[in-house]
Amino acid sequence: MPESFACLPGRGTHRAVLAFQEAVRRYRWLVRLDVRRFFLEIEWDILLSVLDRAFDDPPLRRLVVTVLESARNLYADHRLLSQLGLAEVYTPRPGKGLPIGSLTSQLFANTFLDGIDHHIKRTLKVRGYVRYMDDLALFGDRRGELRAQATEAAAWLAAHRRLELREKGAGPMSTRGSFTFLGYTVSRSERRVARRTVQRMRGRLKATVRAGGAGEDERQADVADALRANVRGLIF
């Protein structure tokens with residue numbers, strides 16, 4: 001659906017941010033829905049049933065199963081769970097989870113949530129809607145109606161995809177505020193790189209330059225130049 005972004009031609013991060021800002025300017029209320037541990041919680045049997053409805057090609061299905069099986073024990077690795085901050089709170093289960101960052105995972109995950117797009121727009125009749133992977137934004141002009149629609153959307157995710165939201169019970173927010181969306185701070189009047197994004201970028205650049213073995217002054221200059229170049233590329 002046109003409201004869905006990520007890993008689609010002409011519908012990447014920048015286009016999603018523009019659509020989000022357009023909705024912020026147009027509607028009075030916003031509800032954000034964020035799926036809890038999305039890639040880790042995708043169940044293969046549900047994913048395969050969704051893909052089976054999308055195509056009837058046994059060799060392709062076998063290939064999909066091979067891709068899924070290649071990551072069967074991925075989240076059983078304690079070191080990986082530690083990097084994700086989940087070592088003490090998450091128990092991996094066979095037949096569940098997609099590798100974070102893999103291109104096939106992005107394609108599978110987007111298809112996995114296509115059903116909620118149709119449910120939100122066609123059944124719930126939500127007026128404004130933007131989804132980037134597992135980050136869902138619902139917009140409307142009636143606060144109570146939007147709250148009910150968000151509750152029904154969460155119920156659909158639980159019933160049909162066995163997914164839970166990261167924050168339960170988050171109510172509608174006025175679109176007169178500012179919001180962090182896909183690494184940007186977005187409001188009705190502005191759109192800029194979020195401070196947290198810049199800080200994270202600065203840390204990574206410093207670590208990269210430091211690994212290169214340059215002198216301190218050179219490192220600081222390289223970091224400043226790289227940061228300015230990257231931030232300019234993020235502002236559109």
Side-chain angles (χ1 to χ4, degrees), residues 1 3-8 11-24 27 29-43 46-47 50 75 81 83-86 89-90 96-102 105-121 123-124 126-140 143 145-175 177-187 191 193-197 199-200:
M1 294 186 70
E3 293 83 4
S4 174
F5 299 83
C7 206
L8 294 165
R11 285 191 271 167
T13 305
H14 288 180
R15 187 65 63 182
V17 172
L18 289 172
F20 183 88
Q21 186 180 47
E22 180 182 352
V24 165
Y27 298 102
W29 300 100
L30 158 67
V31 170
R32 302 282 296 275
L33 304 180
D34 189 11
V35 177
R36 181 171 177 263
R37 300 172 189 164
F38 178 52
F39 282 94
L40 283 73
E41 295 292 344
I42 292 178
E43 299 190 17
I46 300 178
L47 173 62
V50 172
Y75 294 112
L81 289 180
Q83 292 176 356
L84 296 173
L86 299 173
V89 297
Y90 181 76
K96 186 176 182 179
L98 302 179
I100 297 174
S102 170
S105 294
Q106 295 180 52
L107 294 170
F108 293 160
N110 222 358
T111 304
F112 192 72
L113 289 186
D114 180 65
I116 189 62
D117 297 338
H118 289 270
H119 184 68
I120 286 174
K121 290 300 295 181
T123 303
L124 302 182
V126 175
R127 297 186 63 188
Y129 176 59
V130 176
R131 177 173 72 84
Y132 190 94
M133 204 58 70
D134 61 319
D135 192 343
L136 292 71
L138 287 65
F139 296 86
R143 186 177 186 180
E145 179 182 52
L146 188 60
R147 187 194 304 274
Q149 291 168 332
T151 299
E152 291 189 45
W156 190 97
L157 287 169
H160 297 275
R161 296 295 184 267
R162 293 202 282 268
L163 295 172
E164 296 181 2
L165 298 181
R166 190 184 303 273
E167 296 180 4
K168 294 183 178 180
M173 300 171 285
S174 170
T175 54
S178 62
F179 309 92
T180 300
F181 183 66
L182 304 181
Y184 289 85
T185 297
V186 181
S187 68
R191 182 179 63 244
V193 182
R195 180 180 301 177
R196 188 168 48 187
T197 302
Q199 292 173 340
R200 184 167 58 248

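The structure presented is a predicted model; accordingly, all values stated were derived computationally and were not measured.
- Side chain of R161 to main chain of F112: a donor-acceptor pair is present (N/O by atom type, distance under 3.5 Å, no hydrogens or angles).
- Closest non-hydrogen pair, H119 versus E152, comes out as NE2-O, 4.3 Å.
- Interatomic distance, CG of L146 versus CZ of F139, reported as 9.0 Å (0.5 Å rounding).
- In this structure, Q21 contributes its side chain and V186 its backbone to no donor-acceptor pair below 3.5 Å.
- Residues G171 and R147 share a closest heavy-atom pair of CA-NH1, 4.0 Å.
- For F108 and F39, the gap between ring centers reaches or exceeds 6.0 Å.
- From Q106, atom CD reaches atom CD1 of I100 across 11.0 Å, with rounding to the nearest 0.5 Å.
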Verdict with reasoning, F181 to R191, per side-chain contact (heavy atoms from CB on, under 4.5 Å): CA-CA 10 Å; F181 183 66; R191 182 179 63 244; over 6 Å; no
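- Counting only distance, with no hydrogens or angles, the side chain of R32 and the backbone of D135 share no donor-acceptor pair below 3.5 Å.
- The shortest heavy-atom contact between L124 and A153 is CD1-N, 3.9 Å.
- Contact record, S178 with T185: CB-CG2, 4.2 Å, taken as the closest heavy-atom pair.
- Residues F20 and Y132 form no side-chain contact, since every pair of their non-hydrogen atoms from C-beta on lies 4.5 Å or further apart.
- In this structure the side chain of R162 never reaches within 4.5 angstrom of the side chain of E41, judged on heavy atoms.
- Between Y184 and V193, some side-chain heavy-atom pair lies under the 4.5 Å cut-off.
- Between the CG atom in L157 and the CD1 atom in I116 there is a gap of 4.0 Å [rounded to 0.5 Å].
- Taking the ring axis of F5 as reference, the NZ or CZ atom of R15 does not stay both within 45° of it and closer than 6.0 Å to the ring centre.
- Looking at every heavy atom in both residues, K121 comes nearest to G128 through NZ-N, 4.4 Å.
- Closest non-hydrogen pair, D134 versus L113, comes out as CA-CD1, 4.1 Å.
- Side-chain contact check for E22 versus V130: every heavy-atom pair is 4.5 Å or farther apart.
- Here the CZ atom belonging to F38 is positioned 7.5 Å from the CG atom belonging to L98, to the nearest 0.5 angstrom.
- Taking NE2 of H118 as the reference point, atom CD1 of I120 lies at 11.0 Å (rounded to 0.5 Å).
- Considering only heavy atoms from C-beta on, S4 stays 4.5 Å or farther from D114 through its side chain.
- F179 has its side chain out of reach of S187: every pair of non-hydrogen atoms, C-beta onward, lies at least 4.5 Å apart.
- Note that the CD1 atom of I42 and the NZ atom of K96 stand 11.0 Å from one another [nearest 0.5 Å].
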